[in-house]
Undergrad: 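Pasting a structure below so you can have a look.
All residue numbers refer to positions in the sequence shown, counting from 1.
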Amino acid sequence: QVRLVESGGGLVQAGGSLRLSCSASGRTFSRNAMGWFRQAPGKEREFVATVSANGGRTAYADSVKGRFTISRDNSKNTSHLQMNSLKPEDTAVYYCAVDESIWAPWSVLPVKRNDYEYWGQGTQVTVSS
């Protein structure tokens, strides 16, 4: 059974940093893109960042570009989201996700919610002003 577990969320002041982690179990995802989404109260779940299977390609939402960095460690079946210069508008539940499609050199980085088949339960990030 595939399971994704996020960790690292919490309460931080504006301007601070947090590092989220996503640990996958049940199968290896070294051939799959992994991503992060977030959902604030009363809003739709939105794309944050994604990384290709080998970590060589990444994409970010404009709202986090230059502040967040996504990475992965295939030897540990994990993904990370380093979040710097946090703002109150970054407050949300952050979700880790995996695209079941096998990554190929011509693949397009998945940035839509329905590109992903596996999801974690989420971790709360709260940024105070």
Undergrad: Using a 6.0 Å cut-off, check whether atom CD of Glu46 has over 12 heavy atoms from anything other than its own residue.
TA: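 Above 12, so yes.
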
Undergrad: Is it true that Asp90 and Lys87 make a salt bridge, defined as a side-chain N closer than 4.0 Å to a carboxylate O?
TA: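 Result for this pair is no, no salt bridge flagged.
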
Undergrad: Between the side chains of Glu100 and Tyr118, is a donor N or O closer than 3.5 angstrom to an acceptor N or O?
TA: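 Tyr118 and Glu100 do have a side-chain donor-acceptor pair below 3.5 Å.
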
Undergrad: Does NZ belonging to Lys76 count more than 12 external heavy atoms closer than 6.0 Å?
TA: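 Not more than 12 within 6.0 Å, no.
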
Undergrad: Could you tell me whether the side chain of Arg72 reaches within less than 4.5 Å of the side chain of Thr58, counting heavy atoms only?
TA: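 Side-chain contact under 4.5 Å: no.
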
Undergrad: Show the numbers, then the answer: is there a side chain to side chain contact (heavy atoms under 4.5 Å, CB included) between Leu81 and Leu18?
TA: CA-CA 8 Å; Leu81 186 68; Leu18 284 174; over 6 Å; no

Undergrad: Check the side chains of Asn84 and Ser17 for a donor-acceptor pair under 3.5 angstrom, ignoring hydrogens and angles.
TA: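 Checked: Ser17/Asn84 side chains pair up, N/O donor to acceptor below 3.5 Å.
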
Undergrad: Between Thr50 and Val111 (side chain of the first, backbone of the second, donor and acceptor by atom type, cut-off under 3.5 Å), is there such a pair?
TA: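 A pair under 3.5 Å: no.
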
Undergrad: Is any side-chain heavy atom of Gln124 less than 4.5 Å from a side-chain heavy atom of Thr91?
TA: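 Yes, at least one pair of side-chain atoms sits under 4.5 Å.
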
Undergrad: Does the side chain of His80 pick up a donor-acceptor pair with the side chain of Ser21 at under 3.5 Å?
TA: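 Yes, Ser21 and His80 have a side-chain donor paired with an acceptor closer than 3.5 Å.
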
Undergrad: So, for Trp119 and Phe37, is the gap between ring centers shorter than 6.0 Å?
TA: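 So the answer is yes for these two rings.
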
Undergrad: Determine whether Ser25 and Asn77 make a side-chain contact, defined as any pair of heavy atoms from C-beta on separated by less than 4.5 Å.
TA: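 Counting from C-beta outward, Ser25 and Asn77 never come under 4.5 Å.
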
Undergrad: Answer whether the closest heavy-atom distance between the side chains of Phe29 and Ser79 falls below 4.5 Å.
TA: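 Side chain of Phe29 against side chain of Ser79, heavy atoms only: no contact under 4.5 Å found.
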
Undergrad: May I ask you to decide if Leu11's main-chain N or O and Thr126's side chain share a donor-acceptor pair within less than 3.5 Å?
TA: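 No; zero donor-acceptor contacts below 3.5 Å.
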
Undergrad: Side chain of Glu6, backbone of Gln121: donor and acceptor closer than 3.5 Å?
TA: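 Yes, because the side chain of Glu6 sits within donor-acceptor range (under 3.5 Å) of the backbone of Gln121.
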
Undergrad: Determine whether Tyr95 and Tyr116 fall in the same hydrophobic cluster, where Ile, Leu, Val, Met, Phe, Trp and Tyr are linked whenever their side-chain heavy atoms lie under 4.5 Å apart.
TA: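 Same cluster.
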
Undergrad: Does Arg57 reach the main-chain N or O of Ser107 with its side chain, forming a donor-acceptor pair under 3.5 Å?
TA: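 It does hold such a pair.
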
Undergrad: Check whether any side-chain N or O of Asp115 sits under 3.5 Å from a backbone N or O of Lys112 as a donor-acceptor pair, and report yes or no.
TA: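 Yes, Asp115 side chain to Lys112 backbone: donor-acceptor pair under 3.5 Å.
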
Undergrad: Under 3.5 Å, is there a donor-acceptor pair between the side chain of Glu117 and the main chain of Asp99?
TA: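 No: the side chain of Glu117 does not pair with the backbone of Asp99.
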
Undergrad: Please confirm whether the backbone N or O of Phe68 pairs with a side-chain atom of Gln82, one donor and one acceptor, at under 3.5 Å?
TA: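 Side chain of Gln82 to backbone of Phe68, a donor-acceptor pair under 3.5 Å: no, none is there.
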
Undergrad: Using modelled atom types only, decide if a donor and an acceptor are shared between the side chain of Asp73 and the backbone of Thr78 within a distance under 3.5 Å.
TA: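 Not a single qualifying donor-acceptor pair exists.
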
